[in-house]
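Computed from a predicted structure; not experimentally measured. When a residue number appears, it is its place in the shown sequence, counting from 1. Atoms within each ligand, like the ligands themselves, are counted from 1 in listed order.
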Amino acid sequence: MAADRAADSITLIAVSKTFPREDVDAAYHAGLRHFGENRVQEAMAKFEQPLPDDAVLHLVGNLQSNKAKHAPGLFSTVDSVDRVSIVRALDMAASGREATLDVLIQVNFAGEAQKAGGRPGEALEILQAVGRSSSLTARGLMTIAPIDATGDALRQVFRDLRQLRDQLLQEAPRCDLPELSMGMSGDFHDAIAEGATQIRLGRAIFGDR
Ligand SMILES: *Cc1c(COP(=O)(O)O)cnc(C)c1O
């Protein structure tokens with residue numbers, strides 16, 4: 001492929017927010033196994049009837065502490081962990097249910113322009129909090145590129161995430177952070193070229209919202 005990356009090194013997450021369960025089931029039958037939702041409430045309703053065991057449900061949107069109790073059991077992975085208080089809330093919720101959860105640390109390189117995600121300088125502290133938890137495993141990093149970023153500036157965001165991951169591995173050598181969740185319908189080509197291992201596609205799969 002264009003970026004000289006093996007297709008099986010990239011996981012496609014079908015982001016099904018706003019789309020009905022029938023569309024998710026159709027995507028499952030077409031062979032997709034990873035699905036993403038951005039709101040706990042919507043996901044609880046949509047997946048009241050759980051997906052088959054081989055499906056993986058990702059929470060990719062901002063999580064409020066008071067909703068954390070619903071995440072274990074519903075989601076296999078929370079890809080939007082952006083503060084230590086959420087690590088604690090998720091760990092408590094998962095321990096209480098004797099469940100485990102994978103997490104990605106969401107980082108925001110755009111500053112004030114974008115609210116979701118921790119600052120790059122906070123990632124180590126969040127990672128260490130995950131390390132101290134009993135039920136969570138950090139699997140990597142996630143970012144959303146600024147909506148107006150194009151060209152080199154866009155590429156730089158994805159490069160920044162990869163470089164932050166490499167830096168964290170030096171600072172916290174016992175961690176394993178194989179996953180880089182970056183790239184959406186409008187920018188996944190650049191993300192793949194910069195090393196994305198997971199791309200999150202909504203509109204490109206399900207159509208316009
Ligand atoms: C909606 C959403 C996506 C998918 O966006 P598209 O532009 O529809 O591909 C990816 N990641 C997150 C966090 C989202 O909220």
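- The minimum heavy-atom distance between L12 and L32, with the atom names listed, is CD2-CD2, 3.8 Å.
- Salt bridge present: E37 and K46 bring a charged side-chain N and a carboxylate O closer than 4.0 Å.
- Defined by atom type and a distance below 3.5 Å, a donor-acceptor pair is missing between the side-chain atoms of D23 and Y28.
- For L201, every heavy-atom contact with ligand 1 shorter than 4.0 Å involves the backbone, none the side chain.
- By the 6.0 Å contact criterion, NE2 on H189 is open, its count of non-hydrogen atoms from other residues, nucleotides or ligands being 12 or less.
- The pair E194-R155 counts as a salt bridge, with a side-chain nitrogen and a carboxylate oxygen less than 4.0 angstrom apart.
- Considering both main-chain and side-chain atoms, N38 never comes within under 3.5 Å of ligand 1 through any nitrogen or oxygen pair.
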Next on the checklist: Would E179 and T197 count as a side-chain hydrogen bond (donor to acceptor under 3.5 Å, both in side chains) here? Give the steps.
Outcome noted: CA-CA 6 Å; E179 304 295 349; T197 63; 2.6 Å; yes

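- At a 3.5 angstrom cut-off on N or O pairs, G202 counts as close to ligand 1.
- In terms of protein heavy-atom proximity, atom 5 (O) of ligand 1 is closest to M184 CE, 3.5 Å.
- The closest protein non-hydrogen atom to atom 9 (O) of ligand 1 is S185 OG, 2.5 Å.
- Of the listed residues (H58, R203, R200), the one carrying the non-hydrogen atom nearest atom 12 (C) of ligand 1 is R200.
- Remark: ligand 1 atoms within the under-4.0 Å shell around heavy atoms of V60 are 12 (C), 13 (C).
- Listed here is the closest heavy atom pair of F35 and A27: CE2-CB, 3.8 Å.
- Closest protein heavy atom to atom 14 (C) of ligand 1: K17 NZ, 3.1 Å.
- Residue contact check: I144 has heavy atoms under 4.0 Å from atoms 13 (C) of ligand 1.
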